[in-house]
Amino acid sequence: MNKVRVRFAPSPTGFLHIGGLRTALYDYLYARHYGGTVILRIEDTDQNRLVTGAVENLLNSFHKLGMEFDEGPLLGGDYGPYFQSQRLETYHKYAQELIEKGVAYPCFCSAETLDEMRKDLQDKKLFPKYDRRCLQLSKAEIDKRIASGEKHVLRLKMPDERTFIINDEIRGQIEIDTHQLDDQVIIKSDGFPTYHLAAVVDDHLMEITHVIRGEEWLSSTPKHIFLYECFGWTAPKWVHLPLILNPDRSKLSKRMNDVSVDSYLEKGYLKEALLNFVALLGWHGADDRELYTLEELCSEFTLERVSKAGAVFDLAKLDWMNGQYIRNLPLDYLADIVKPQYLNAGLDISDEVKYHKVIEVVRSRATLLTDFVPCSERYYKELDIEIKDMELLRTETSKGVLSWILPHLQAMSNPDAETLKNLINNGTEALALKGKLYYTPLNIALSYSSSCPELHNIIEILGIPETLKRLHKALTF
RNA sequence: GACCCCUUCGUCUAUCGGUUAGGACUCAAGAUUUUCAUUCUUGCAAGAGGGGUUCGACUCCCCUAGGGGUCGCCA
């Protein structure tokens with residue numbers, strides 16, 4: 001078997017979205033699993049839909065995710081250029097070959113004419129395909145109209161009676177009859193090729209072995225197979241991935257909700273979690289494992305374990321998975337990732353030891369990376385106390401608790417967790433108080449909130465001097 | 001509408017003819033003896049329906065239903 005070469009071929013019309021990421025990821029995993037090559041090819045053949053900066057965004061998103069292509073824009077490679085807009089001569093050369101072979105013909109019909117024709121056919125409950133009126137044109141007339149500069153496209157002349165067989169790696173054998181197939185436009189009137197021609201030519205020239213793409217391409221695959229035949233080329237293996245769905249089971253589109261990869265990253269999802277989660281949307285390992293690193297996915301991934309049915313994107317599970325990564329990734333790594341957020345919030349995290357203690361405590365209750373700063377402010381600055389909590393602080397019982405613990409802490413310099421836990425426990429007995437009556441005043445005094453992590457953690461983070469300061473302050477309320 | 005694809009707990013899925021149909025998320029309850037989390041335990045919850053084939057079907061075949069995709073000078 002030839003060395004695996006696969007490509008991710010997006011059109012630069014916006015940001016990388018979840019669906020695109022899943023396709024790209026499977027391309028990537030498949031190539032890595034078999035020691036092959038992943039190529040990024042930009043399908044910028046629609047001049048009307050180009051979005052400036054889209055390619056940069058795309059590249060940047062993949063970079064952020066740690067997915068590196070082997071060939072593509074910026075990276076180069078032996079099969080470039082990797083922008084289809086830079087390969088126009090190539091497409092025209094092959095289009096010419098199709099004309100010579102009699103399987104492509106010019107069409108001068110206007111958009112309006114086509115619309116009318118389709119409407120008419122639909123009214124008659126017929127399949128709305130081009131009626132080939134321009135195929136009747138004489139050679140002389142065609143030459144004359146082209147010479148006069150009349151706008152025209154090039155169409156592929158599909159066979160009349162034929163059943164195409166697609167051997168899909170995931171779905172098996174699929175049959176599609178040509179009655180359902182239109183004479184596809186392959187060169188548009190602006191001289192650009194359509195996807196069908198460009199993708200086939202490039203996939204062949206770039207020696208792509210497996211075309212891994214979304215299921216939405218299944219119905220037009222016969223056109224592609226036919227093109228391979230016309231050129232006398234061997235077609236690649238077809239791999240049509242199940243779609244990613246919205247909760248209502250419609251195709252996950254750019255329209256509905258926000259599905260750009262960047263926005264998930266900005267919302268505080270870790271790339272590790274996003275990649276892991278997206279990989280599991282349509283693929284599952286042989287065992288019950290759910291958590292995989294990118295490297296582990298590379299070694300485990302095979303097409304045989306890709307499912308056929310579409311998968312709903314379930315945010316709740318992504319949240320859970322993100323929490324798993326937040327809790328289990330190395331502390332230093334996590335601390336580095338969130339550092340900019342702390343700096344942005346104006347928190348002084350120059351005390352590295354304290355910062356790491358904070359991260360360790362905060363990570364246990366975080367779902368998103370963006371949860372860190374809000375949960376950490378209490379360790380770095382004075383916060384407002386709710387009126388209700390303030391009132392509780394003013395009660396005699398509360399003052400008793402604070403006054404009791406103060407001198408004990410004062411006598412300590414750098415207590416460890418065990419010492420602090422003992423001290424805190426002793427207080428419940430010494431004061432004959434328990435539960436909220438005892439703990440809540442301390443919670444509020446030290447963390448400005450009745451709900452907080454365990455007290456010994458807070459004291460450890462704050463240090464004795466700051467702890468005493470907060471207790472004194474609380475007693476003045 | 002036509003064609004194509006798909007169909008196991010609400011969701012992601014395991015099962016490649018013989019299982020008490022397993023795991024994960026969500027949800028509920030309990031424990032971890034302050035709270036919020038974390039963690040752990042337990043629980044709720046599924047083979048779309050109908051025919052075949054077979055000693056035996058979630059698994060193979062057919063029909064029906066439902067969902068999705070495609071039907072552009074968009075990809």
Side-chain angles (χ1 to χ4, degrees), chain A residues 9-13 43-49 107 109-111 114-115 118 122 125-129 151-155 166 168 170-171 174-177 179-182 184-196 198-199 213-222 240 242-243 245 247-251 277 280-291 304-305 307-321 323 326-327 361-367 371 375 424-425 428 433-443 447 449-455:
Chain A
S11 59
T13 53
E43 311 230 319
D44 52 350
T45 55
D46 186 352
Q47 295 300 289
N48 303 316
R49 293 207 308 159
C107 167
C109 294
S110 66
L114 259 18
D115 278 350
R118 287 196 187 102
Q122 259 165 353
K125 308 233 171 188
L126 293 168
F127 185 73
K129 66 202 274 193
K151 286 237 171 201
H152 65 283
V153 302
L154 206 60
R155 284 182 185 276
I166 307 167
D168 188 89
I170 292 175
R171 284 151 221 285
I174 295 157
E175 295 183 4
I176 298 180
D177 198 273
H179 291 119
Q180 299 299 318
L181 269 13
D182 202 353
Q184 185 66 49
V185 170
I186 50 176
I187 298 279
K188 300 181 258 190
S189 58
D190 64 1
F192 278 77
T194 57
Y195 171 89
H196 309 279
R213 67 205 337 183
E215 192 190 338
E216 70 267 27
W217 290 105
L218 202 48
S219 356
S220 41
T221 303
H240 290 96
L243 264 17
L245 277 18
D248 69 356
R249 302 205 76 86
S250 61
K251 182 178 168 184
F277 178 71
L280 256 30
L281 250 27
W283 176 86
H284 197 277
D287 51 22
D288 287 333
R289 184 132 81 111
E290 306 256 19
L291 268 15
E304 292 79 64
R305 301 201 65 83
S307 26
K308 294 188 178 91
V312 172
F313 185 92
D314 179 20
L315 202 60
K317 187 146 186 180
L318 208 212
D319 283 345
W320 165 78
M321 196 173 275
I326 282 179
R327 250 150 262 132
V361 167
V362 170
R363 85 196 305 200
S364 77
R365 61 204 60 226
T367 297
D371 293 336
C375 292
I424 294 161
N425 281 337
T428 61
L433 285 173
K434 58 180 179 178
K436 293 183 181 179
L437 281 178
Y438 175 74
Y439 285 96
T440 312
L442 289 167
N443 289 350
S447 80
S449 165
S450 53
S451 164
C452 66
E454 291 184 79
L455 280 170

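Chain naming here is simple, since letters A, B, ... match the order of the sequence lines and numbering starts at 1 in each. Side-chain atoms are counted along with the backbone in the values below, which use heavy atoms only and exclude waters and symmetry mates.
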Donor-acceptor pair, distance only, cut-off 3.5 Å: does the side chain of Asp168(A) make one with the backbone of His240(A)?
yes
Beyond-backbone contact of Arg155(A) with Cys107(A), side-chain heavy atoms, under 4.5 angstrom
yes
Rounded to the Å, how far apart are Lys125(A) NZ and A2(B) C1'?
11 Å
Under 3.5 Å donor-acceptor, Arg49(A) side chain and Thr13(A) backbone
no
For Ser307(A), give me all partners under side-chain contact (heavy atoms from CB on, under 4.5 Å), at least two apart in sequence or on another chain.
none
Return the value, rounded to whole Å, for the distance between atom CD of Glu304(A) and atom P of A14(B).
13 Å
Partner residues of Arg365(A) under the salt bridge (charged side-chain N to carboxylate O under 4.0 Å, His left out) criterion, sequence neighbours left out
none
In the strands shown, is A48(B) matched to any nucleotide by a Watson-Crick or G-U wobble pair with both distances under 3.5 Å, and which?
U64(B)
Determine whether a donor-acceptor pair (N or O, by modelled atom type, separation under 3.5 Å) exists between the side chain of Asp182(A) and the backbone of Gln184(A).
no
With rounding to the closest Å, how many angstrom separate the P atoms on A21(B) and A45(B)?
14 Å
For C63(B) and G47(B), measure between their P atoms and round to the nearest Å.
23 Å
Starting at CD of Glu175(A) and ending at C1' of C4(B), how long is that distance when rounded to a whole Å?
11 Å
Protein-nucleotide distance (Leu318(A), atom CG; C12(B), atom C1'), rounded to Å:
12 Å
Each nucleotide of nucleotides 66-75 of chain B classed B (base within 4.0 Å of a protein heavy atom), S (only sugar-phosphate) or -, in 5' to 3' order, makes -SSSSSSBBB
Distance check, C1' atoms only: U19(B) and U32(B), in whole angstrom units.
35 Å
On a whole-Å scale, what distance lies between the P atoms belonging to G22(B) and G66(B)?
31 Å
How would you label the contact of Arg213(A) with the nucleic acid (heavy atoms, under 4.0 Å): base, sugar-phosphate, or nothing?
nothing
Base, sugar-phosphate, or nothing for Gly285(A), non-hydrogen atoms under 4.0 angstrom?
nothing
What's the closest nucleotide to the Arg171(A) side chain, out of A24(B), A14(B), C5(B)?
C5(B)
In the 5'-to-3' direction, what one-character label does each nucleotide of nucleotides 29-50 of chain B receive under the scheme B = base within less than 4.0 Å of a protein heavy atom, S = sugar-phosphate only, - = no such atom?
-----BBBBSS-----------
Is the backbone N or O of Leu218(A) less than 3.5 Å from a side-chain atom of Thr221(A), with the two atoms forming a donor-acceptor pair by type?
yes
Taking atom C1' in both U11(B) and G52(B), compute the distance separating them and give it to the nearest angstrom.
33 Å
Looking at every strand, decide which applies to Ser449(A) at a 4.0 Å heavy-atom threshold: base, sugar-phosphate, or nothing.
nothing
Whichever of Gly282(A) and Lys317(A) has the more 5' nearest nucleotide on RNA chain B, that residue is Gly282(A)
Any Arg289(A) side-chain nitrogen or oxygen under 4.0 Å from OP1 or OP2 of C12(B)
no
Between Pro193(A) and Thr45(A), what is the shortest heavy-atom contact and its length?
O-CB, 3.4 Å
Using atom C1' of each nucleotide, how far apart are G68(B) and A29(B) to the nearest Å?
38 Å
For Lys317(A), what residues pass the side-chain contact (heavy atoms from CB on, under 4.5 Å) criterion, not counting sequence neighbours?
Phe277(A), Glu290(A), Asp314(A), Trp320(A)
Between C27(B) and C62(B), how far is it from one C1' atom to the other, in whole Å?
40 Å
Whole angstrom is fine here: how far is it from CG in Asp288(A) over to C1' in U15(B)?
11 Å
Applying salt bridge (charged side-chain N to carboxylate O under 4.0 Å, His left out) to Arg249(A) and not counting sequence neighbours gives none
Euclidean distance, atom CG of residue Asp314(A) to atom P of C12(B) [Å, nearest integer]:
8 Å
Find the distance Leu280(A):CG to C12(B):P and express it as a whole number of Å.
12 Å
Rounded to whole angstrom units, what separation is found between the CZ atom of Phe313(A) and the P atom of C25(B)?
17 Å
Is Glu215(A) salt-bridged to Arg171(A), going by a charged N under 4.0 Å from an acidic O?
yes
Paired nucleotide for C25(B) [Watson-Crick or G-U wobble; both distances under 3.5 Å]
G10(B)
Same-atom distance (C1') from A14(B) to U70(B), integer angstrom
31 Å
